[in-house]
Amino acid sequence: MKRETYIRLMDWGKSTKRRTWWIEALNRYVTNVMYLAYPCLLLWLMVQRDERILKAILVPGISFVLVSIFRNLYDAPRPYVAFSYPSVVKKDKTGKTMPSRHVFSAVMVAVTFYYVIPLFSIPMGVCALIVCIGRVLAGVHYPKDVIVGAILGLIMGIIGFYYC
């Protein structure tokens with residue numbers, strides 16, 4: 001993304017209070033839905049005494065650690081830092097933008113739901129897509145950050161759940 005594109009996007013996002021509210025709400029509430037859905041799924045597996053609970057914990061957990069390690073080593077600047085222009089959603093972090101862990105986690109939750117309850121993966125997938133769009137509209141990630149986060153979540157989830 002070029003600086004001019006980023007500035008236009010941030011100006012569009014901040015142009016009305018309603019638009020800013022929606023962008024902030026999408027980033028906060030849809031992310032919270034994903035993060036609440038995952039423990040509910042684990043609780044359901046535990047109550048059901050379902051043996052898939054071990055994979056449902058280990059695959060996302062190990063994958064999250066690996067993505068976090070890569071992100072810390074890569075340590076790319078956030079767009080609002082690189083372009084010296086404030087984002088729609090206020091953030092204090094200056095680096096560690098690539099890949100987006102919010103997006104990675106949202107996609108991993110959707111893949112976990114697909115592994116356990118395929119029908120529920122559809123709304124979880126829609127929520128993950130909203131998280132992807134919201135992170136860019138908020139100005140806290142580049143499009144490549146969310147694309148890489150989504151691809152990693154998908155690939156690591158498929159490998160972990162179906163090939164390990």
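Note that the structure is a prediction, hence the values are computed from the model and not measured.
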Please name the pair of heavy atoms, one in C127 and one in M34, separated by the smallest distance, quoted to 0.1 Å.
-> CB-SD, 3.2 Å
Kindly indicate whether the side chain of L41, heavy atoms from C-beta on, has any atom under 4.5 Å from the side chain of Y115.
-> no
Rounded to the nearest 0.5 angstrom, the CE-CG distance for M124 and L119 is 11.0 Å
Using residues 55-68 as the side-chain source, report each donor-acceptor pair under 3.5 Å to any protein atom, sequence neighbours left out, with the distance given to one decimal.
residue: K55; atom: NZ; partner: F161; partner atom: O; Å: 3.1
residue: K55; atom: NZ; partner: C164; partner atom: O; Å: 2.7
residue: S63; atom: OG; partner: V59; partner atom: O; Å: 2.7
residue: S68; atom: OG; partner: F64; partner atom: O; Å: 2.9
residue: S68; atom: OG; partner: R101; partner atom: NH1; Å: 2.9

Would you call I155 and I151 a side-chain contact if the rule is heavy atoms closer than 4.5 Å?
-> yes
State plainly whether one hydrophobic cluster holds both F104 and F70, where clusters connect Ile, Leu, Val, Met, Phe, Trp and Tyr through side-chain heavy atoms under 4.5 angstrom apart.
-> yes
What are the two closest heavy atoms between M1 and L9, and how far apart are they?
-> CE-CD2, 4.3 Å
Which residues satisfy the side chain to side chain contact (heavy atoms under 4.5 Å, CB included) test with F120, sequence neighbours excluded?
-> F113, I117
Which atom pairs, donor and acceptor, lie under 3.5 Å between side-chain atoms of residues 142-150 and protein residues at least two apart or in another chain?
residue: D145; atom: OD2; partner: T97; partner atom: OG1; Å: 2.6
residue: D145; atom: OD2; partner: H141; partner atom: ND1; Å: 3.4
residue: D145; atom: OD2; partner: Y142; partner atom: N; Å: 2.9

Same cluster (ILVMFWY, side-chain, under 4.5 Å), M108 and V126 | yes
Using ring-ring contact (aromatic ring centres under 6.0 Å, His included) as the criterion, list what pairs up with Y114, not counting sequence neighbours.
-> none
Co-members of the apolar cluster containing Y29 [side chain, <4.5 Å] | none
If we ignore angles and hydrogens, is there a donor and acceptor under 3.5 Å between the side chains of D11 and Y6?
-> no
State yes or no: do Y35 and I133 share one hydrophobic cluster built from I, L, V, M, F, W and Y residues joined by side-chain heavy-atom distances below 4.5 Å, directly or via other members?
-> no
For R18, what residues pass the side chain to side chain contact (heavy atoms under 4.5 Å, CB included) criterion, not counting sequence neighbours?
-> T16, W22
W21 with L26, same ILVMFWY side-chain cluster at under 4.5 Å | no
How about F83 and I7: do any of their side-chain heavy atoms sit closer than 4.5 Å?
-> no
